[in-house]
Amino acid sequence: MTKLRDGWVKTVWVLALLLPVWFLVAALSTKFGLLDWRVGFGLMVFKLGAPLLLGVLVLAVVGLLLALLVKPRRGWGRALVAIVIPVLALGFAVSVMSKARTIPPIHDITTNIQDPPQFSPAVSAARAAIGGGNPIQPMDTPVPALGGKTVGDLGKAANPDLASLTLTQSPAEAAKLVVAAAEKSGLKVTSKGDGVVEAVAESFWFGFKDDVVFRIRPAASGSGSVVDIRSASRVGMSDLGANGARIRKLSAAIKAQAG
């Protein structure tokens with residue numbers, strides 16, 4: 001029985017230590033293009049992540065019981081480590097899921113849902129090249145799963161504070177402020193000109209990319225300019241509020257640049 005106990009505890013301890021490696025491989029392989037995001041994230045993390053964590057947790061609990069009940073009692077420290085690792089990971093997953101329930105499953109947010117900034121053909125082509133990616137849809141596109149409410153209405157309801165920016169600077173000066181704010185916020189500016197600035201935000205772990213477009217136009221009063229921002233995730237049904245938070249941050253950065 002002691003051999004069974006020792007072998008069980010050691011095995012489950014090794015499995016628990018390999019769990020972070022599993023998720024690290026999934027994240028970095030997706031980021032560097034070694035795995036399609038639907039495999040690295042969709043399969044390895046979203047579908048298999050929870051079953052793996054729960055499986056190791058159950059085995060670890062059994063290992064702890066064996067360590068405490070089988071004499072001579074030993075191995076309980078390793079068994080505890082094997083329990084703590086999946087418990088922490090599951091706690092993080094539950095936190096993310098709880099947050100997801102409070103946010104509508106949308107991934108395209110703008111400061112102006114009536115007249116949103118439009119992405120260039122180059123951006124649309126880059127998005128279309130991603131398997132299972134998100135196409136750019138009109139803001140009045142209904143979301144059947146949410147009672148037919150439109151993408152724009154859902155985005156506005158989730159981010160009621162987002163609005164067009166009115167600046168005292170001319171459109172040309174405002175465009176420079178936009179570029180500076182975007183770069184300072186960690187975005188990669190991909191194009192600029194004709195009152196439009198486009199940029200890309202990339203997540204650290206999976207390398208998920210979100211497209212951001214700024215539109216700068218003369219103010220209706222004839223003095224100053226108006227800036228609208230749109231941020232859309234290339235993959236994933238829900239952005240967990242990331243695009244709204246990004247626009248909020250960029251708006252504050254532009255205002256700070258404007259003085």
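Sequence positions, counted from 1, serve as the residue numbers for this chain.
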Engineer: Under the 3.5 angstrom rule, does the side chain of Lys255 hit a backbone N or O of Leu167 as a donor-acceptor pair?
Structural biologist: no

Engineer: Show the atom names and distances, to 0.1 Å, of all donor-acceptor pairs under 3.5 Å that link a side chain in residues 49-74 to residues at least two apart or in another chain.
Structural biologist:
{"from": "Arg73", "atom 1": "NE", "to": "Leu68", "atom 2": "O", "distance (Å)": "2.7"}
{"from": "Arg74", "atom 1": "NE", "to": "Asp6", "atom 2": "OD1", "distance (Å)": "3.3"}
{"from": "Arg74", "atom 1": "NE", "to": "Asp6", "atom 2": "OD2", "distance (Å)": "3.4"}
{"from": "Arg74", "atom 1": "NH2", "to": "Asp6", "atom 2": "OD2", "distance (Å)": "2.6"}

Engineer: If every non-hydrogen atom of Val213 is compared with every non-hydrogen atom of Phe119, which pair is closest and at what distance?
Structural biologist: CG1-CE2, 3.5 Å

Engineer: Mind checking the CZ-CG spacing from Phe204 to Leu28? Nearest 0.5 Å is all I need.
Structural biologist: 7.0 Å

Engineer: Following the transitive rule for hydrophobic clusters with a side-chain heavy-atom cut-off under 4.5 Å over Ile, Leu, Val, Met, Phe, Trp and Tyr, establish whether Val9 and Leu80 coincide in one cluster.
Structural biologist: no

Engineer: Considering only heavy atoms from C-beta outward, does the side chain of Val151 approach that of Met139 to under 4.5 Å?
Structural biologist: yes

Engineer: Within the structure provided, determine whether Val123 and Ser120 are in side-chain contact (heavy-atom separation under 4.5 Å).
Structural biologist: yes

Engineer: Say whether, by atom type as modelled, one donor and one acceptor occur between the side chain of Trp13 and the main chain of Gly77 under 3.5 angstrom.
Structural biologist: no

Engineer: Treat each ILVMFWY residue as a node, draw an edge where side-chain heavy atoms are under 4.5 Å apart, and state whether Met97 and Val87 are in one component.
Structural biologist: no

Engineer: Would you say the side chain of Met44 lies within less than 4.5 Å of the side chain of Leu35, judging by non-hydrogen atoms?
Structural biologist: yes

Engineer: Once you round to the nearest 0.5 Å, how far does OG1 of Thr111 lie from CD1 of Ile229?
Structural biologist: 6.0 Å

Engineer: Are Phe23 and Leu90 connected in the hydrophobic side-chain network, where two residues link if heavy atoms are under 4.5 Å apart?
Structural biologist: yes

Engineer: Could you state whether Leu4 and Val14 fall into the same hydrophobic cluster, counting links through intermediate Ile, Leu, Val, Met, Phe, Trp or Tyr residues with side-chain heavy atoms under 4.5 angstrom apart?
Structural biologist: yes

Engineer: Could you measure the distance from the CG atom of Asp194 to the CD1 atom of Ile216? Nearest 0.5 Å is fine.
Structural biologist: 10.5 Å

Engineer: Does Lys31 have any salt bridge (charged side-chain N to carboxylate O under 4.0 Å, His left out) partners at least two apart in sequence or in another chain, and if so, which?
Structural biologist: Glu202

Engineer: Supply the atom-to-atom distance Gln257 CD to Gln169 CD, rounded to the nearest 0.5 angstrom.
Structural biologist: 10.0 Å

Engineer: With a 3.5 Å distance limit and no angle check, can you tell me whether Ser98 reaches the backbone of Val94 through a side-chain donor-acceptor pair?
Structural biologist: yes

Engineer: Locate the shortest heavy-atom distance separating Val212 from Ser231; write the atom from each residue and the value.
Structural biologist: CG2-OG, 3.7 Å

Engineer: Might you point out which heavy atoms bring Gly244 and Ile109 nearest each other, and give the distance in Å?
Structural biologist: N-CG1, 4.0 Å

Engineer: Considering all heavy atoms of both residues, which atom of Ala26 and which atom of Gly40 are nearest to each other, and what is their separation?
Structural biologist: CB-O, 3.3 Å

Engineer: Could you list who else is in Leu240's hydrophobic cluster, with ILVMFWY side chains joined at under 4.5 Å, directly or through other members?
Structural biologist: Phe92, Val96

Engineer: Among Asp211, Asn112, Asp108, find the residue that satisfies the side chain to side chain donor-acceptor pair (under 3.5 Å) test when tested with Arg230.
Structural biologist: Asp108

Engineer: Please identify each residue that fulfils side chain to side chain contact (heavy atoms under 4.5 Å, CB included) with Ser191, with sequence neighbours left out.
Structural biologist: Glu198

Engineer: Applying salt bridge (charged side-chain N to carboxylate O under 4.0 Å, His left out), can you list everything that pairs with Asp115, at least two apart in sequence or on another chain?
Structural biologist: Arg215, Arg217

Engineer: To the nearest 0.5 Å, how far apart are CG in Leu250 and CZ in Phe214?
Structural biologist: 4.5 Å

Engineer: Taking salt bridge (charged side-chain N to carboxylate O under 4.0 Å, His left out) as the test, write out the residues that go with Asp161, two or more places apart.
Structural biologist: Arg248

Engineer: Sub-3.5 Å donor-acceptor pair from the side chain of Ser203 to the main-chain atoms of Phe208, do we have one?
Structural biologist: yes

Engineer: Side chain of Asn134, backbone of Gly236: donor and acceptor closer than 3.5 Å?
Structural biologist: yes

Engineer: Between Leu154 and Ile106, what is the shortest heavy-atom contact and its length?
Structural biologist: C-CD1, 3.7 Å

Engineer: With hydrophobic residues grouped by side-chain heavy-atom distances under 4.5 Å, do Leu17 and Val12 end up in a single group?
Structural biologist: yes

Engineer: Are a donor atom and an acceptor atom from the side chains of Asn243 and Ser233 found within less than 3.5 Å of each other?
Structural biologist: yes

Engineer: Just by distance, do the side chain of Ser185 and the backbone of Leu187 share a donor-acceptor pair under 3.5 Å?
Structural biologist: no

Engineer: Does any N or O in the side chain of Glu183 come within less than 3.5 Å of the main-chain N or O of Ala181, such that one atom is a donor and the other an acceptor?
Structural biologist: no

Engineer: Start with the C-alpha distance between Asp140 and Thr150, add both sets of side-chain angles, then the distance that settles side-chain hydrogen bond (donor to acceptor under 3.5 Å, both in side chains), and finish with yes or no.
Structural biologist: CA-CA 5 Å; Asp140 59 358; Thr150 67; over 6 Å; no

Engineer: How far apart are the closest heavy atoms of Ala182 and Val189, and which atoms are they?
Structural biologist: CB-CG2, 4.1 Å

Engineer: Which value, rounded to the nearest 0.5 Å, describes the distance between Leu24 atom CG and Ser29 atom OG?
Structural biologist: 8.5 Å

